[in-house]
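Every number for a ligand or one of its atoms is a count from 1 in the order of the listing. Side-chain atoms are counted along with the backbone in the values below, which use heavy atoms only and exclude waters and symmetry mates.
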Amino acid sequence: MRNPQLNSHGELQHLLTIEGLPREILTAILDTAAPFTEVAEREVKKLPLLRGKSVFNLFFENSTRTRTTFEIAAKRLSADVINLNISTSSTAKGETLLDTVDNLCAMQADMFVVRHASSGAPFLMARHLAAMGLDHIHVINAGDGRHAHPTQGLLDMYTIRHYKKDFTRLAVAIVGDLLHSRVARSQIQALATLGVPEIRVIGPKTLMPTDIDRMGVRVFHDMRAGLRDVDVVMMLRLQNERMQGALLPSPQEFFKYYGLTAEKLACARPDAIVMHPGPMNRGVEIDSAVADGPNAVILPQVTFGIAVRMAVMSMLAGS
Ligand code: CP
């Protein structure tokens, strides 16, 4: 069966997940993003690649980085950007997701950027558009439930490639709440596809999916052992909003065992980079001395996110 994200020519039609995307497409997105960093950093003002196109941001969950950087990226490509305010939209009156989509299609939407609490919502939209014969309209998943956050995974890969150059020599550790993290799933899929030989996941048993080793990762519950000699440390946010029941004794206890401090970071390579997708819980997932320290590349991740999102949108639009 064809990957629903690809058209019959093997080109990106939607970006719904990293899973199943070939290395060539991931590399093409990273390569396309590289020149856009000049626009992201405002050395070049605007490009006309999405002129005349309408991009609708549909964020059914809160966001600072993803929503804003998609808006900036679309505007720097000269698109018209419409941010639907979900709390004041007709969703609050009970309108279904697909009825909302149909109405926005009637307003000549060209692209939807969607974040939703339900895993699979962007897939549902893409399938609906195909059934309606609206193949010219594209869907980008900006995070769905616990499932996927593909542009976060891609901007993280861009960041790693920027600082470390060669994926095939790296040891990468992902730390924290693996159980509820859509970011971690996209990161692991992207790292594996791009040829990273050593992917470690570190966290307490209560926050680790039981079958995660099937993704080709090494599981550690001892953070110091897991961080030994790694090149990249990717911290995760505790997804408190998705936790049911008491999975953690307390934030203080979590910080003691799995919070990134300078002392624990010393187990990694001296030139290891420290990443976090945000929003950070300082003093729970990461100590401020590390988050603001010389190894941290957390704010460059955000800037690279603009370039990567420009790349994805321009590739979807066939520009
Ligand atoms: N990393 C991330 O998705 O951040 P936001 O929730 O602020 O978009």
> For T17, check side-chain hydrogen bond (donor to acceptor under 3.5 Å, both in side chains) against everything at least two apart and list the hits.
none
> Between the protein and ligand 1, which nitrogen or oxygen pairs come in under 3.5 Å, and how far apart is each?
unit_1, atom_1, unit_2, atom_2, d
ligand 1, 1 (N), Q152, OE1, 3.0
ligand 1, 1 (N), P277, O, 2.8
ligand 1, 1 (N), G278, O, 3.3
ligand 1, 3 (O), T66, OG1, 2.9
ligand 1, 3 (O), R115, NH2, 2.9
ligand 1, 3 (O), H149, NE2, 2.9
ligand 1, 4 (O), R65, NE, 3.1
ligand 1, 6 (O), R115, NH1, 2.9
ligand 1, 7 (O), T64, N, 2.8
ligand 1, 7 (O), R65, N, 2.9
ligand 1, 7 (O), R65, NE, 3.1
ligand 1, 7 (O), R65, NH2, 3.0
ligand 1, 8 (O), S63, OG, 2.6
ligand 1, 8 (O), T66, N, 2.9
ligand 1, 8 (O), T66, OG1, 2.6
ligand 1, 8 (O), R115, NH1, 3.4
ligand 1, 8 (O), R115, NH2, 3.3

> Measure centre to centre between the rings of H138 and F112, then say whether the value is under 6.0 Å.
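Not under 6.0 Å, so no.
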> For R161, which of D31, D156, T27 qualifies under side chain to side chain donor-acceptor pair (under 3.5 Å)?
D31
> Not counting sequence neighbours, which residues clear salt bridge (charged side-chain N to carboxylate O under 4.0 Å, His left out) with D102? List them please.
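Listed in chain order: nothing, the list is empty.
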> Return the set of residues passing side-chain hydrogen bond (donor to acceptor under 3.5 Å, both in side chains) with N57 (not counting sequence neighbours), or none when no residue passes.
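Residues passing side-chain hydrogen bond (donor to acceptor under 3.5 Å, both in side chains) with N57: N83.
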> In this structure, are over 12 heavy atoms from other groups packed under 6.0 Å from K53 atom NZ?
no
